[in-house]
Amino acid sequence: MSRDVFLIEGGSDEYTYIPADTPNITVGGAYVDLSRYKDAETVLSVELFDGDTLMGSYTSDKNLNASSLSGGAKTFRNTFSISEARPDRVVTTLTVDGMTVDRIEQSINYWQAKPESERSYVYVEDGYYKRDGKIVNLIGVNYWPSYHLALQTYNGEFDTRAKYDPDVVRADLARVKELGMTSVALSLFAYNATASNNMLDLICICEDMGLYVDLAIRSRNDYDEEFLYFDKEDVEKLVLRMHFNENDTVVAYDMCWERRIGTYGGDEFGIGRERYNTLWEKWIISQYGSVRQAEKLWGISVPRDGEGNLTGPSDAMLNNAGMNPMICAYYRFLDDIVAKEFNEFRQYLLSVDSNHLLSFRMQNAGSAVNPSEGNYDFQSLASVMDFMSPEGYSVASGDDSMIQLMFMAAYARYCKPNAPILMKEFCANVASGSTFDPKDNSVAIEKAAYLEQFMKFLYQSDFSAFYLWWYPSGLRAAEKNDCGLFDLDGSDRLTTAVLREWISKFPDRDERTRQCVPICIGRDGTGLGIKGFFNYVKYQLLAAYRYCKNVVFVNHRQTSANVTVYADEVLNEAVGGTKTSGSYPLRYVNGQIKKVEIYRENGLRYAKITVCNTGHATWRAGTVALTTTDDSDVRITPSAIEEDVGYLEEVEVTVLLQRMGDLELRFVIDGMEFGMCYEATL
């Protein structure tokens with residue numbers, strides 16, 4: 001740079017190419033000429049090599065095309081065909097009067113899918129992540145490069161051409177690997193469907209280093225007014241263009257970022273429960289027969305606005321509810337509507353990529369926070385997520401708060417048995433309360449002690465995996481924190497030393513056998529939702545923790561987790577209380593229609609219907625059937641399910657369709673309809 005003439009970039013337009021999709025690559029460079037004397041001969045040359053063999057050569061004075069001129073900068077580029085030859089590196093050189101003044105060498109990589117028979121995707125089984133029958137321990141960090149905070153972005157894209165540096169990424173990930181971690185959580189934006197291949201290059205680096213990837217797909221604005229933040233077609237374009245569906249280094253998709261239902265009126269993190277008001281009224285009528293019947297059974301009136309329209313419970317009602325059967329019914333309604341919303345996107349994404357697991361970072365799901373904050377209940381997500389992945393930010397120092405981790409793990413396994421549970425984010429903020437005096441180590445000591453306690457509870461609670469927040473160090477001004485994994489110079493922090501100790505312990509958890517203490521739970525026991533029944537079992541959890549025992553949650557019909565409760569035996573128990581007549585949602589019996597596929601055969605129209613048992617009681621063979629409601633234009637003959645269907649098990653039912661028009665389907669048992677109504681137009 002002291003010579004006033006220097007390169008500002010050079011090489012190929014991508015670090016990794018997909019030859020099947022890209023016949024030509026673009027090569028070139030740009031340099032700045034700030035010298036006062038313009039009569040010197042300045043030449044930019046680009047050479048492509050395969051090993052030591054020269055594959056192609058371009059120079060600015062002959063065959064590199066100038067594409068832009070801006071001030072003192074000059075930019076040149078040309079194309080090279082990789083249909084027959086694939087160079088592995090490109091060298092860009094700048095000479096002035098024949099003397100080399102600058103040089104950049106860059107490797108070129110190529111990606112193609114392994115033969116399908118050689119791919120091995122991660123799946124869930126027996127409470128673990130597994131690959132080829134072996135347990136996979138996903139222990140990692142939410143990764144952004146170490147230079148990320150210097151980009152002056154909040155937590156957004158770093159994979160653009162201007163921001164991505166694979167040399168720094170490799171150095172960062174080498175530290176991650178040396179620490180004993182096995183995975184990283186990455187993030188990219190759905191609208192980048194036509195952007196660079198840099199995220200694919202990063203995933204290839206992870207594969208080379210033996211690191212698995214959890215991949216979040218996000219929108220331009222994480223807190224817009226759409227349920228999942230992004231257009232489904234953007235996701236499809238991105239997944240297929242990057243060939244993520246054929247990449248077995250990717251373990252799972254993080255479907256949306258810290259989404260929650262939100263407060264009644266909505267806040268910056270959620271669009272609010274007010275939008276559900278019309279659906280809430282419709283749900284009441286389908287479950288109870290009428291609003292008046294529901295109010296009679298509850299002994300309380302449904303809230304209404306100034307114009308007499310039904311509304312959901314206010315924030316104050318949720319935060320201060322005693323035993324209120326209407327509030328209990330509202331939580332069941334949220335279970336149904338949330339499962340329906342996520343299922344629609346799940347089925348779409350599975351049609352694009354059925355090879356990868358699906359979940360999302362669930363913020364305060366499973367935490368003992370105020371119900372009005374509108375966090376998802378694990379029960380709402382059990383039928384549509386492959387595993388639960390809460391965050392740990394509601395957990396403070398001290399056993400009374402840390403015991404939430406044991407509660408999260410036990411409740412997640414109650415709602416989603418045999419699935420792993422992942423702590424998606426937690427941190428030790430070494431900047432919090434700091435004077436930033438290098439001689440003041442008090443905050444670092446405090447945060448190391450916090451992290452030590454957090455890891456101890458994670459371990460005893462049998463969390464299957466975790467991702468620390470996050471890799472880059474330095475003050476994050478927007479949140480006034482520094483949660484970086486290492487110190488700014490790459491050396492260990494006190495918190496890093498804590499992680500080194502605990503990371504080595506996690507892989508042996510599958511070999512541990514500890515007595516599990518059964519604890520009886522029930523969301524209906526209080527109107528405070530998760531917070532209510534956490535408070536109810538809190539001291540039982542603390543006792544189990546102090547005696548180094550784990551816990552397993554059971555419902556009031558079970559003496560142990562292995563006890564089978566049959567749906568036809570619990571028809572007199574309603575959500576929020578026991579009833580013996582009329583229509584009402586059943587406490588332990590529920591179902592979801594996940595997919596309806598229409599086909600013709602011999603001139604007749606059939607529907608293949610995928611159904612899921614979402615209640616904690618087993619459907620006994622022959623007792624549960626599908627039926628059309630009185631309002632359905634399309635009719636079917638009630639079709640019994642001739643096999644036992646356990647909690648969260650799915651089966652397919654084929655029915656003959658009669659007539660066209662609106663279709664409304666529900667489940668029926670002993671003459672009682674149950675489950676959320678499935679609606680479609682044929």
Side-chain angles (χ1 to χ4, degrees), residues 122 129 136-149 154-159 165-166 168-188 199 202-203 205-216 218 249-252 254 257-258 359-361 389-393 395 420-431 444 447-448 450-452 454-455 458-459 463-474 476 479 481-507:
V122 174
Y129 299 97
V136 173
N137 293 291
L138 298 179
I139 299 170
V141 65
N142 286 271
Y143 178 73
W144 278 255
S146 52
Y147 56 77
H148 180 68
L149 288 169
Y154 183 62
N155 59 2
E157 56 195 2
F158 63 85
D159 59 318
D165 189 332
V168 176
V169 167
R170 282 188 179 275
D172 290 345
L173 295 184
R175 291 191 178 102
V176 169
K177 186 75 175 177
E178 186 275 333
L179 190 58
M181 290 181 167
T182 62
S183 183
V184 290
L186 303 178
S187 163
L188 83 166
M199 184 57 68
L202 198 162
I203 293 173
I205 293 174
C206 290
E207 183 177 15
D208 289 345
M209 303 184 77
L211 294 168
Y212 291 101
V213 170
D214 181 288
L215 186 60
R218 305 171 64 181
T249 299
V250 176
V251 172
D254 189 333
W257 195 273
E258 293 183 331
S359 190
F360 73 103
R361 57 193 69 210
S389 46
E391 299 176 349
Y393 297 122
V395 179
I421 175 170
L422 166 66
M423 176 55 65
K424 197 57 175 283
E425 287 188 27
F426 64 102
C427 73
N429 176 16
V430 300
K447 296 306 176 181
Y450 169 83
L451 187 59
E452 172 75 29
F454 196 102
M455 295 302 299
L458 274 186
Y459 182 78
F463 271 78
S464 310
F466 66 81
Y467 289 100
L468 189 78
W469 184 266
W470 63 348
Y471 184 87
S473 298
R476 192 183 189 197
E479 293 187 351
N481 62 28
D482 180 358
C483 304
L485 185 58
F486 297 94
D487 220 336
L488 287 168
D489 61 358
S491 61
D492 277 10
R493 289 176 159 173
L494 293 177
T495 50
T496 322
V498 172
L499 285 170
R500 286 188 185 278
E501 176 188 355
W502 282 100
I503 285 173
S504 65
K505 296 180 180 181
F506 265 77

Using side-chain heavy atoms (C-beta onward) and a distance below 4.5 Å, is Y143 in contact with L173? yes
Output for pair (T496 OG1, E501 CD), nearest 0.5 Å, gives 13.0 Å
For G484 and R493, work out which heavy atoms get closest and say how close. O-NH1, 3.0 Å
Full working for side chain to side chain donor-acceptor pair (under 3.5 Å) between T182 and N137: CA-CA 7 Å; T182 62; N137 293 291; over 6 Å; no
Start with the C-alpha gap between F506 and F466, add the side-chain angles, then the distance that decides, and say whether ring pair (Phe, Tyr, Trp, His ring centres under 6.0 Å) holds. CA-CA 10 Å; F506 265 77; F466 66 81; 5.2 Å; yes
Which is it for Y129 and S464 under the side chain to side chain donor-acceptor pair (under 3.5 Å) test, yes or no, and what are the steps along the way? CA-CA 8 Å; Y129 299 97; S464 310; over 6 Å; no
So does D489 get a backbone contact from the side chain of D487, meaning a donor-acceptor N/O pair under 3.5 Å? no
Is the closest side-chain heavy-atom distance between K447 and L494 below 4.5 Å? no
Step-by-step salt bridge (Lys or Arg N to Asp or Glu O under 4.0 Å) determination, E258 to R218: CA-CA 11 Å; E258 293 183 331; R218 305 171 64 181; over 6 Å; no
If you measure from CE on M423 to CG on L138, what distance do you get to the nearest 0.5 Å? 14.5 Å
For D165 and Y147, does a side-chain donor sit closer than 3.5 Å to a side-chain acceptor? no
For the residue pair W470 and H148, does the interplanar ring angle fall in the parallel (under 30°), tilted (30 to 60°) or perpendicular (over 60°) class? perpendicular
Assess the residue pair F486 and D492 against the criterion (side chain to side chain contact (heavy atoms under 4.5 Å, CB included)); give the C-alpha distance rounded to whole Å, side-chain angles, the decisive distance to 0.1 Å, and a yes or no. CA-CA 5 Å; F486 297 94; D492 277 10; 3.6 Å; yes
Test side chain to side chain contact (heavy atoms under 4.5 Å, CB included) applied to L458 and F426, step by step: CA-CA 11 Å; L458 274 186; F426 64 102; 4.1 Å; yes
To the nearest 0.5 Å, atom CG of L215 lies from atom CE of M199 at 6.5 Å
Rounded distance [0.5 Å steps], CG in L499 versus CE in M455: 6.0 Å
To the nearest 0.5 Å, what is the distance between CG on N142 and OH on Y467? 8.5 Å
Would D159 and L202 count as a side chain to side chain contact (heavy atoms under 4.5 Å, CB included) here? Give the steps. CA-CA 9 Å; D159 59 318; L202 198 162; over 6 Å; no
D214 side chain reached by V251 side chain, heavy atoms, under 4.5 Å: no
